[in-house]
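The analysis underlying the following values was restricted to heavy atoms, covering all of them including side chains, and did not include hydrogens, waters or symmetry mates.
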Amino acid sequence: MKDASVAIRRAMRLDYQTITDSGLVSTLVTFLFPLLFPLIAFMVGTVGALALCLTLTVGYWALSAAGLFVNTSSVQCGRLSALVPVTRSHQVVGRYLSAGVLGVVCLAEIIVQIGLLWLIDVVWMPLPWQDDPTPVSVLPTGMVVGVAMAAFVAIVALEMPFYYAFEFTKASSWFWSAVFVVAGAFGVGIILIPDEVLHSMAESLAAMPGWMWGLLGVIGCSAAVAVSYAISRHIWLNKEL
């Protein structure tokens with residue numbers, strides 16, 4: 001168990017070096033840049049800014065998780081990675097834990113963003129060109145944060161096997177193209193569904209208690225990560241480099 005722990009930490013250290021090898025200043029900019037997203041509130045209001053903050057921040061850190069594969073997916077670097085004194089199985093565990101650390105960073109920044117939007121509401125809102133905007137404090141922020149983090153987990157769970165199976169450029173092209181196609185199809189579907197049906201669906205979903213939503217989210221995210229890990233591990237253990 002101790003040897004496995006050491007090996008996993010070594011694999012995570014390689015991931016850490018991947019995202020920090022550009023220097024301290026660049027690393028700080030990379031990690032702190034999403035904290036600028038709440039400034040969007042001065043253009044669209046705090047509620048609209050919150051929606052954009054969540055979307056941009058989740059996408060930003062999901063892309064950062066994909067960025068961990070820059071070296072692994074490169075042919076020469078992949079061969080070197082396979083030769084380090086860490087088994088491939090431990091490499092996969094370390095990579096998923098590294099993505100989990102980025103998820104924690106994502107969660108922390110979302111919480112800070114919400115705090116900044118509350119502050120903007122109190123100090124600056126409403127702006128002269130806005131008509132009594134809705135304050136972000138009236139939103140169920142706990143549920144909103146939960147949905148955002150579930151989206152992060154789902155995206156990362158889906159992208160991991162892609163990046164283990166294909167070269168970085170090809171995986172990025174195929175995966176994110178698929179994400180945009182699915183998102184577009186979902187949006188078109190929402191538009192085509194009659195308003196009465198949407199209203200009925202919304203009422204049915206709203207009737208479910210919060211604890212049930214939380215339980216379903218935890219079960220769904222856990223299942224997604226477990227399936228994703230099993231597929232990624234199988235691909236990486238059997239991949240020729």
Exercise. For the atom pair CG (L107) and OG1 (T57), what is the distance rounded to the nearest 0.5 Å?
Worked result: 11.0 Å
Exercise. For the atom pair CG (L97) and CG (L102), what is the distance rounded to the nearest 0.5 Å?
Worked result: 11.5 Å
Problem set entry | Between OH on residue Y164 and OG on residue S228, distance to nearest 0.5 Å | 9.0 Å
Problem set entry | Side chain proximity check, V147 to L54, heavy atoms < 4.5 angstrom | no
Exercise. What's the shortest heavy-atom distance between P34 and Q113, and which atoms?
Worked result: O-NE2, 2.7 Å
Exercise. Are V227 and V218 in one and the same hydrophobic cluster, where Ile, Leu, Val, Met, Phe, Trp and Tyr link if side-chain heavy atoms are under 4.5 Å apart?
Worked result: no
For this session: Would you give the length of the straight line joining atom CD of E109 to atom CG of L116, rounded to the nearest 0.5 angstrom?
Result: 10.5 Å
Exercise. Same hydrophobic cluster for W61 and V104, using side-chain heavy-atom links shorter than 4.5 Å among ILVMFWY?
Worked result: no
Problem set entry | S232 versus V92, closest heavy-atom pair with distance | CB-CG1, 4.3 Å
Exercise. Less than 4.5 Å apart, any side-chain heavy atom of F69 and any of E159?
Worked result: no
For this session: Could I get the full list of side chain to side chain contact (heavy atoms under 4.5 Å, CB included) partners for L63, not counting sequence neighbours?
Result: W176
Seminar exercise, completed: Closest heavy-atom pair, L237 versus S89, reported as atoms and distance to 0.1 Å, is CD2-N, 3.9 Å
Exercise. Is the Y60 ring parallel, tilted or perpendicular to the F37 ring (thresholds 30°, 60°)?
Worked result: perpendicular
Exercise. What heavy-atom pair brings A157 and A224 nearest, and what distance separates the two atoms?
Worked result: CB-O, 3.8 Å
Exercise. If you round to the nearest 0.5 Å, how far is SG of C53 from CD1 of I110?
Worked result: 9.0 Å
Seminar exercise, completed: When every non-hydrogen atom of V58 is compared with those of A148, the smallest separation belongs to CG2-O, 3.5 Å
Exercise. Does one hydrophobic cluster hold both V105 and L36, with members joined at side-chain heavy-atom distances below 4.5 Å?
Worked result: yes
Exercise. Quick one: does Y96's side chain have a donor or acceptor within less than 3.5 Å of a partner on M160's backbone?
Worked result: no
For this session: Return the minimal non-hydrogen interatomic distance between I155 and A62, and the atom names on each side.
Result: CG2-CB, 3.7 Å
For this session: Say whether V112 and F33 are linked into one hydrophobic cluster, either directly or through other cluster members, by side-chain heavy-atom distances under 4.5 angstrom.
Result: no
Problem set entry | Qualifying residues under side chain to side chain contact (heavy atoms under 4.5 Å, CB included), relative to L32, sequence neighbours excluded | L35
For this session: Can you measure from CZ (R95) to NE2 (H90) and round to the nearest 0.5 angstrom?
Result: 15.0 Å
